[in-house]
Amino acid sequence: MSVAQNAFVDAHAPPILKEWMVPILEIFKQPVTNEGASTNISLKAECIKAVVRATQGIPKHMVPYNSALLETLWTQLRDIQEPFMHAFIYDNSEHNESATSLLVAYEEDGEAYSIDSYLLGIFEWLSNAADTRSMHRFFVSKIEGSGRAGPTQFFNQLVGSLMCYAQITAEMLEDWADDMDLFVADEDEEGYRFNVRVSVQELLKALDACFPAALAKALGAAAQERSQVAKQWRLEQNSSWWLVSEAILWVIGTVSSGIIEQQENAKAGTPVIELGALFDTDVWPLAQSSQYPFGQGRAFIFASSFAKMLPAGIATAFLDACAKAVADTQLHPAVRLSAVRAI
């Protein structure tokens, strides 16, 4: 913009935002409601789109509102998390019907729209927040006595939440079962379908670019917590356990190159992330579960992503398993495709 245009924005943006942000924040603070014609899902989605545009277009004028936005949107993210999982991921949940009724609304013409657009906007706003210097204090803080920055409590909780939202949805599984080309496209980083899982991926990459060391610590803490959930569900014979483990590996694998780079620069004997524990709790159980082909395939891809950090014996074992999987025509196509990618 020209000097005159900047002066115009500087003069007029603050008073407009002062009036505009009060009702916007109130809308975000309202619980999600969806009862007949009384639904605020689409309104929330439009509001977050407008806030993202303002944050990107006039960032310095949005700074006074960023703290309140973070607090409010983080509360929303936590409140929606459980219903989201019951509505879209665990379709055998006893809460599936009530959660779906809360998060899926219908237009007058019968067309359905869900909470997805609102979530995509929140994740995009968080990506912008991570890249805003004045917001860094919410993500990292100095570790006493070390001079290094570690994840804040919020950052740890956010990463744990992302592992929940990143789980494969029932709709994705149905789509992949009908068309393996969709599975290949969705697994491709340049895939054309944008959904909550892809939005989580974009946010993780933004966090990795801004706070690589803190993110690795937060991932380790979140993985440990979610792995306990997966383990407990396995013991209870809850068939959704593999979705939890797959999401853990998918999330960490999304930033594998950054973690490997940190490990190469770390002191000998100082692991950036505890891969051994992950293999015991998530990788091996998935690798041995042929009834969950998309989970089994994820185990192969994860092991391949971190081959440089694995003991030679484990790396060789997985390479052999991948080669056998590619040649085994009796295996599910998803497992064979994943094995090809892993090799």
Side-chain angles (χ1 to χ4, degrees), residues 85 88-90 159 162-177 180-189 191 193 195-198 200-201 204-205 219-220 222-224 226-231 233-234 238-257 259-260 273-310 314-315 317-326 328 331-343:
M85 291 191 292
F88 303 114
I89 298 168
Y90 311 139
V159 172
L162 294 181
M163 284 188 178
C164 294
Y165 281 109
Q167 293 172 96
I168 300 171
T169 65
E171 182 180 15
M172 291 171 70
L173 288 175
E174 290 176 5
D175 290 345
W176 295 347
M180 284 304 300
D181 286 339
L182 278 179
F183 168 67
V184 174
D186 285 343
E187 285 292 286
D188 188 343
E189 288 193 7
R193 294 206 304 178
N195 50 36
V196 170
R197 183 161 155 121
V198 175
V200 167
Q201 184 180 53
L204 286 166
K205 290 178 178 178
L219 286 170
Q224 187 175 22
R226 293 296 293 165
S227 291
Q228 289 304 310
V229 173
K231 181 179 179 181
W233 285 7
R234 280 202 309 277
N238 183 328
S239 60
S240 295
W241 71 265
W242 77 271
L243 294 166
V244 179
S245 286
E246 192 278 342
I248 293 169
L249 303 187
W250 181 85
V251 164
I252 296 175
T254 293
V255 293
S256 59
S257 58
I259 293 174
I260 291 171
I273 196 165
E274 292 288 350
L275 284 181
L278 279 173
F279 268 77
D280 290 340
T281 58
D282 300 289
V283 179
W284 291 119
L286 282 176
Q288 297 165 3
S289 300
S290 59
Q291 68 271 40
Y292 305 120
F294 298 107
Q296 189 176 35
R298 177 61 52 204
F300 288 151
I301 292 172
F302 182 86
S304 172
S305 298
F306 288 97
K308 289 183 178 181
M309 293 172 57
L310 295 178
I314 294 178
F318 263 94
L319 182 61
D320 290 343
C322 287
K324 290 177 181 177
V326 172
D328 190 346
L331 285 177
H332 191 282
V335 179
R336 299 180 71 197
L337 285 167
S338 297
V340 170
R341 289 185 61 203
I343 293 174

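Keep in mind that the numbers below use all heavy atoms, side chains included, and drop hydrogens, waters and symmetry copies.
Of the possible polar contacts, one joining the Q167 side chain to the C164 backbone as a donor-acceptor pair under 3.5 Å is found. Put simply, the side chain of S256 gets close to the backbone of G253: a donor and an acceptor are under 3.5 Å apart. A donor-acceptor pair is defined here as one N or O able to donate and one able to accept, closer than 3.5 Å; such a pair exists between the side chain of Q296 and the backbone of A287.
Shown here for A307 and A315, the closest heavy-atom pair between the two residues is O-CB, 4.3 Å. The nearest pair of heavy atoms linking W284 to D280 is CD1-N, 4.0 Å. The two atoms that bring A321 and F300 nearest to each other are CB-CE2, 4.0 Å, heavy atoms only. Here the closest non-hydrogen pair linking V251 and A166 is CG2-CB, 3.7 Å. Of all the heavy atoms in R234 and S245, the pair that sits closest is NH1-OG, 4.3 Å. Residues R341 and I301 come closest through the heavy atom pair NH1-CD1, 3.5 Å.
Residues V196 and T169 fail the side-chain proximity criterion, which asks for heavy atoms closer than 4.5 Å. Here the side chains of V255 and L219 are in contact, with some heavy-atom distance below 4.5 Å. Using a 4.5 Å heavy-atom threshold, the side chains of S227 and I248 count as touching. With contacts defined as side-chain heavy-atom distances shorter than 4.5 Å, the pair I260/M309 qualifies. The shortest side-chain heavy-atom distance between N195 and E171 does not fall under the 4.5 Å cut-off.
The CD atom of Q224 sits 9.5 Å away from atom CG of L278, with the distance rounded to the nearest 0.5 Å. Summarising the geometry, atom CD1 belonging to I168 is positioned 3.5 Å from atom CD belonging to E246; distances are rounded to the nearest 0.5 Å. Between atom CD1 of residue I314 and atom CG of residue L319 there is a gap of 13.5 Å, rounded to the nearest 0.5 Å. Atom CH2 in W241 sits 12.0 Å away from atom CH2 in W233 (nearest 0.5 Å). Between L275 atom CG and I259 atom CD1 the span is 8.0 Å, to the nearest 0.5 Å. A distance of 10.5 Å separates CE of M163 from CH2 of W250, quoted to the nearest 0.5 Å.
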- Message: Under the criterion side chain to side chain contact (heavy atoms under 4.5 Å, CB included), I'd like the reasoning laid out for R336 against L331: C-alpha separation, chi angles, the key distance, then a yes or no.
- Response: CA-CA 7 Å; R336 299 180 71 197; L331 285 177; 4.0 Å; yes
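When ring centroids are compared, F279 and F318 come within the 6.0 Å threshold.
Relative ring orientation between F294 and W176 is described as tilted, the plane-to-plane angle lying within the 30° to 60° band.
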